[in-house]
Amino acid sequence: QVQLVESGGGLVQAGGSLRLSCAASGRTFRAYSMGWFRQAPGKERDFVAGINFSWSGGSTYYADSVKGRFTISRDNAKNTVYLQMNSLKPEDTAVYYCAADSGLRVGAALPNEYNYWGQGTQVTVSS
């Protein structure tokens, strides 16, 4: 069982930056692929960014809407994954969720490929 706790959300003006953190419990963090998703009111939960489990090389991948602006990274010593968000836009406003995939797969980008979820953190970008 893995517990995920997000932090770092808040209110920021357009063009600003935020860094989200997701702390995971457990001893096998490096074996999990990690992802960030977001969900705006009335919309589906969308993939934002992913980082593959460390033994696969830990490569990263992004949704087209955030490519070049967001960066996902992980610190296995701290059992933490980060999402650095720069050049934020009002359309980035959503609840952001951290997720873990224990299935030793790469490139997971669908919500049903992740089996552990955090509680979410609100990100609001004002224009």
Side-chain angles (χ1 to χ4, degrees):
Q1 188 76 12
V2 176
Q3 292 184 329
L4 304 173
V5 179
E6 300 103 332
S7 61
L11 174 63
V12 64
Q13 288 188 334
S17 298
L18 281 175
R19 189 176 82 154
L20 305 183
S21 300
C22 173
S25 64
R27 299 181 179 181
T28 57
F29 177 72
R30 64 181 62 244
Y32 293 97
S33 291
M34 303 297 296
W36 286 97
F37 289 75
R38 64 187 182 187
Q39 188 167 19
K43 296 189 176 182
E44 294 184 348
R45 190 168 295 189
D46 291 331
F47 171 77
V48 175
I51 184 165
N52 293 317
F53 64 100
S54 297
W55 301 327
S56 73
S59 57
T60 61
Y61 48 104
Y62 300 89
D64 287 344
S65 59
V66 306
K67 205 170 291 184
R69 299 189 297 124
F70 290 11
T71 302
I72 187 172
S73 61
R74 66 190 301 161
D75 185 338
N76 291 329
K78 295 182 178 180
N79 277 19
T80 301
V81 62
Y82 304 97
L83 185 68
Q84 177 67 45
M85 304 185 295
N86 298 330
S87 301
L88 282 161
K89 305 174 181 179
E91 51 264 44
D92 294 319
T93 295
V95 177
Y96 282 70
Y97 295 91
C98 171
D101 170 22
S102 62
L104 294 179
R105 75 188 113 209
V106 297
L110 297 175
N112 62 11
E113 293 181 297
Y114 289 82
N115 44 345
Y116 301 104
W117 291 85
Q119 80 289 352
T121 186
Q122 177 70 46
V123 171
T124 303
V125 184
S126 62
S127 57

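This structure is a prediction, so every number in the text was calculated from the model and none was measured.
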Give the minimum heavy-atom separation between [X] and [Y], together with the two atoms involved.
X     : Y      : value
Gly9  : Val123 : CA-CG2, 4.2 Å
Cys98 : Leu4   : O-CD1, 3.7 Å
Phe29 : Ala24  : CD1-CB, 3.6 Å
Ala14 : Ser127 : CB-CA, 4.4 Å
Asn76 : Ser54  : ND2-OG, 2.6 Å
Ile51 : Gly58  : CG1-O, 3.5 Å

Between [atom1] on residue [X] and [atom2] on residue [Y], distance to nearest 0.5 Å:
X      : Y      : atom1 : atom2 : value
Leu20  : Phe70  : CG    : CZ    : 8.0 Å
Glu113 : Arg105 : CD    : CZ    : 5.0 Å
Leu18  : Thr121 : CG    : OG1   : 9.0 Å
Cys22  : Tyr116 : SG    : OH    : 13.5 Å
Ser21  : Gln84  : OG    : CD    : 9.5 Å
Asp101 : Asn112 : CG    : CG    : 10.0 Å

- Message: Any salt bridge linking Asp92 with Lys89? Criterion: basic side-chain nitrogen under 4.0 Å from a carboxylate oxygen.
- Response: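 Answer for the salt bridge query: no.
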How about NZ on Lys67, more than 12 heavy atoms from neighbouring residues, nucleotides or ligands closer than 6.0 Å, or not? yes
Exercise for review: Indicate whether the side chain of Ser59 and that of Asn52 have a donor and an acceptor atom separated by less than 3.5 Å.
Suggested key: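 Their side chains do contain a donor-acceptor pair, which is all the 3.5 Å distance test asks for.
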- Among the clusters formed by ILVMFWY side chains lying less than 4.5 Å apart, do Val66 and Val12 turn up in the same one? yes
Requested in this report: Determine, using the 4.5 Å side-chain heavy-atom cutoff (strictly less than), whether Leu88 and Leu83 are members of one ILVMFWY cluster.
Outcome: yes
Notebook entry, point to check: Given side chains that start at C-beta, do those of Trp36 and Val81 come closer than 4.5 Å, heavy atoms only?
Noted result: yes
* To do: Would you indicate whether the side-chain heavy atoms of Arg27 and Asn79 approach each other to under 4.5 Å?
  => no
- Do any N or O atoms from the side chain of Thr80 and from the backbone of Ala23 form a donor-acceptor pair under 3.5 angstrom? no
Next on the checklist: Any side-chain to backbone donor/acceptor pair from Ser87 onto Arg69? Under 3.5 Å, distance only.
Outcome noted: no
Exercise. Indicate, with yes or no, if the rings of Phe53 and Tyr32 have centres closer together than 6.0 Å.
Key: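 Distance test on ring centres: not under 6.0 Å, no.
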- Query: Would a line drawn from the ring center of Phe47 to the ring center of Tyr114 be shorter than 6.0 Å?
  - Reply: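 That pair fails the under 6.0 Å test.
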In Arg38, Gln119, Glu6, the residue satisfying side-chain contact (heavy atoms from CB on, under 4.5 Å) with Tyr97 is Glu6
ask   = Does the pair Ser102 and Val2 meet the rule for a side chain to side chain contact (heavy atoms under 4.5 Å, CB included), with working shown?
value = CA-CA 9 Å; Ser102 62; Val2 176; over 6 Å; no
Test log, rule side chain to side chain contact (heavy atoms under 4.5 Å, CB included), inputs Tyr62 and Thr71:
CA-CA 8 Å; Tyr62 300 89; Thr71 302; 3.8 Å; yes
Given the rule in the side chain to side chain contact (heavy atoms under 4.5 Å, CB included) test, do Val48 and Met85 qualify, once you have shown the distances and angles that lead to the verdict?
CA-CA 11 Å; Val48 175; Met85 304 185 295; over 6 Å; no
- Arg45 and Trp117: side chain to side chain contact (heavy atoms under 4.5 Å, CB included), yes or no, with the steps? CA-CA 12 Å; Arg45 190 168 295 189; Trp117 291 85; 3.3 Å; yes
